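Have a look at the structure below, then the notes.
Basis for what follows: all heavy atoms, side chains included, without hydrogens, waters or symmetry-related copies. Given the structure is predicted, the values throughout are model-derived calculations rather than measurements.
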Amino acid sequence: MLILAGDIGGTNGRLAIFRDDIILFERSYPSTAVDSLAQCLTAFLRDAESILGPLKIKIKGACLAVAGVVDKEKGEASTINLPWTITSLEMSHILNIPNQMVMLINDIEAAAFGVMSLGSHQMVKIGGLEATDRGPKAVIGAGTGLGEALIVPLDDMRFKILATEGGHVDFAPNSPIEIELLESLAKKFGHVSVERVLSGPGLMNIYGFLANKNGVNPSYHNPAEITASAMANKDGLCTRALEIFCSIYGAEAGNLALKCLASGGVYITGGIAPAILPFLIRSDFRKTFETKGRLTWLLQKIPVFVVMEQKLGLIGAQRAIREYPLPI
């Protein structure tokens, strides 16, 4: 049985055709290069059929993980960082399968499903004790946006994944420079969510704030340039921007851990953390994760894992179909 899985982010749309746990065909498309997911999916099917032969009538079900707000009952999703509205009905027409065979889920929910499928060799541990087998788990991932989810154990040895929009809660500064950052961004955005500072665009916001504060013109114009410069210690402003970013990342990960008492661990997903892993490890990430006043002792016990698996969203979307069975 062939299943189509998709991980649709603000930067790239990744699509794959699975048979059981095996990927038969996979492609990634720049999200900003197309006007809709329908265009992306049509291009994928065309590319897949050129390699594997006609597939439309053979695909039995699909799960698309979307970076946005998903209404599962209506089968609709609105992307946060793209001007797209996605419906299961439109996707079913393109795939030539019944509407009920198409599942839309939040991308951080797919990441959480993916976390449940990983082995220890696919993660790097940053501090803490051992994770408890049946403890709650927290998932947080900074990329084009910021996703947060909880994995909650149930009494029957199963688990429940709760996708959230925690990336849009208020940014809470923890140092004088972060207070200045908040005040600066508030003048620009009004409400300053944690995603405004903890994402690829968020890193750009931090860097731009520092450049303005120091009276210099920005020399770097995308997050990849800033992180590369900071990792190579080429530019002090980039290094300082990434230091602040890592400090905020640790603090927010700790906040999420407290909210669910994540004795099962905190799992860092998204594309940024693996790319800056050496810098993240030597930064204040773990310090700000643990520094929670009277509950510092509790956070010191909770392990943090950076997920290194690049196909996490696709793996998670494919597993979601097994956990929420389609009527196939």
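Under a hydrophobic-cluster definition in which Ile, Leu, Val, Met, Phe, Trp and Tyr are linked whenever side-chain heavy atoms come within less than 4.5 Å, directly or via other members, I268 and V115 are assigned to different clusters. Cluster annotation: I140 and V307 are assigned to distinct hydrophobic clusters (Ile/Leu/Val/Met/Phe/Trp/Tyr, side-chain heavy-atom contacts under 4.5 Å, transitive). No continuous path of hydrophobic side-chain contacts links L150 to I161 [ILVMFWY only; heavy atoms under 4.5 Å]. Neither F209 nor I179 shares a network with the other; the hydrophobic side chains, linked directly or stepwise wherever heavy atoms of I, L, V, M, F, W or Y lie under 4.5 Å apart, form separate groups for each.
The two atoms that bring I302 and A262 nearest to each other are CG2-O, 3.2 Å, heavy atoms only. Contact detail for I151 and A112: the closest heavy-atom pair is CD1-O, 3.7 Å. Heavy-atom minimum distance, A317 versus G6: CB-O, 3.9 Å. Nearest approach of I206 to V197, heavy atoms of both residues: CD1-O, 3.5 Å. V306 and P274 get closest at one heavy-atom pair: CG1-N, 4.1 Å.
Between the side chain of T288 and the backbone N or O of A251 there is at least one donor-acceptor pair closer than 3.5 Å. Under a 3.5 Å cut-off, the side chain of E290 and the backbone N or O of L298 do not form any donor-acceptor pair. Checked by atom type and distance alone, the side chain of N106 pairs as donor or acceptor with a backbone atom of I108 at under 3.5 Å. For the pair Q122 (side chain) and M308 (backbone), a donor-acceptor distance under 3.5 Å is absent. A side-chain donor-acceptor contact under 3.5 Å links R134 to the backbone of L154. The closest donor-acceptor contact from the side chain of D7 to the backbone of R14 lies at 3.5 Å or more, if one exists at all. In this structure, the side chain of S229 does not engage the main chain of I226 through any donor-acceptor pair within 3.5 Å. The closest donor-acceptor contact from the side chain of N214 to the backbone of V216 lies at 3.5 Å or more, if one exists at all. For the pair Y249 (side chain) and S199 (backbone), a donor-acceptor distance under 3.5 Å is absent. The closest donor-acceptor contact from the side chain of S184 to the backbone of E180 lies at 3.5 Å or more, if one exists at all.
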task: Using the side-chain contact (heavy atoms from CB on, under 4.5 Å) rule, take L256 and T164 through it: C-alpha gap first, then chi angles, then the decisive distance, then the call.
output: CA-CA 11 Å; L256 187 59; T164 81; 5.9 Å; no

task: Please lay out, stage by stage, how R319 and D21 fare under the test side-chain contact (heavy atoms from CB on, under 4.5 Å).
output: CA-CA 9 Å; R319 177 163 179 168; D21 293 332; over 6 Å; no

message: For K72 and E109: C-alpha separation, side-chain torsions, deciding distance, then whether salt bridge (Lys or Arg N to Asp or Glu O under 4.0 Å) applies.
response: CA-CA 12 Å; K72 291 182 180 179; E109 183 175 2; 2.9 Å; yes

message: Run I321 and F18 through side-chain contact (heavy atoms from CB on, under 4.5 Å) and show every step you take.
response: CA-CA 11 Å; I321 291 180; F18 283 80; over 6 Å; no

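By the 6.0 Å contact criterion, CG on D155 is open, its count of non-hydrogen atoms from other residues, nucleotides or ligands being 12 or less.
When the salt bridge (charged side-chain N to carboxylate O under 4.0 Å, His left out) test is applied to E225, no partner is found at least two apart in sequence or on another chain. E130 pairs by the side chain to side chain donor-acceptor pair (under 3.5 Å) definition with K125, not counting sequence neighbours.
In this structure, CD1 on I97 lies 11.0 Å from CG on L2, to the nearest 0.5 angstrom. Taking CD1 of I3 as the start and CE of M103 as the end, the distance is 9.0 Å to the nearest 0.5 Å. To the nearest 0.5 Å, atom CG of residue N205 and atom CD of residue E195 are 10.5 Å apart. In this structure, the separation between CG on N174 and CG on D284 is 11.5 Å, given to the nearest 0.5 Å. Atom OH of Y220 is separated from atom OG1 of T227 by 11.0 Å, given to the nearest 0.5 angstrom. With rounding to the nearest 0.5 angstrom, the CD atom of E309 is 9.0 Å from the CG atom of L314.
E183 has no carboxylate O lying under 4.0 Å from a charged side-chain N of K187, or vice versa, which leaves the two without a salt bridge.
The ring-ring contact (aromatic ring centres under 6.0 Å, His included) analysis of residues 295-317, with sequence neighbours excluded, yields the pairs Y267-F305.
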Expected list for residues 23-31: side-chain donor-acceptor pairs under 3.5 angstrom, two or more places apart:
{"unit_1": "E26", "atom_1": "OE1", "unit_2": "K311", "atom_2": "NZ", "d": "3.0"}
{"unit_1": "Y29", "atom_1": "OH", "unit_2": "D47", "atom_2": "OD2", "d": "2.8"}
{"unit_1": "S31", "atom_1": "OG", "unit_2": "G9", "atom_2": "O", "d": "2.8"}
{"unit_1": "S31", "atom_1": "OG", "unit_2": "N12", "atom_2": "N", "d": "3.3"}
{"unit_1": "S31", "atom_1": "OG", "unit_2": "N12", "atom_2": "O", "d": "3.4"}
{"unit_1": "S31", "atom_1": "OG", "unit_2": "G13", "atom_2": "N", "d": "3.4"}

Which atom pairs, one a donor and one an acceptor, fall under 3.5 Å between side chains of residues 235-247 and the rest of the protein, sequence neighbours left out?
{"unit_1": "D235", "atom_1": "OD1", "unit_2": "L237", "atom_2": "N", "d": "2.9"}
{"unit_1": "D235", "atom_1": "OD1", "unit_2": "C238", "atom_2": "N", "d": "2.9"}
{"unit_1": "T239", "atom_1": "OG1", "unit_2": "D235", "atom_2": "O", "d": "3.1"}
{"unit_1": "R240", "atom_1": "NH1", "unit_2": "E243", "atom_2": "OE1", "d": "3.3"}

Contacts table for residues 83-95: side-chain donor-acceptor under 3.5 angstrom, sequence neighbours left out:
{"unit_1": "W84", "atom_1": "NE1", "unit_2": "D35", "atom_2": "O", "d": "3.1"}
{"unit_1": "T87", "atom_1": "OG1", "unit_2": "E90", "atom_2": "N", "d": "3.1"}
{"unit_1": "S88", "atom_1": "OG", "unit_2": "N99", "atom_2": "OD1", "d": "2.8"}
{"unit_1": "S92", "atom_1": "OG", "unit_2": "S88", "atom_2": "O", "d": "3.4"}
{"unit_1": "S92", "atom_1": "OG", "unit_2": "L89", "atom_2": "O", "d": "2.6"}

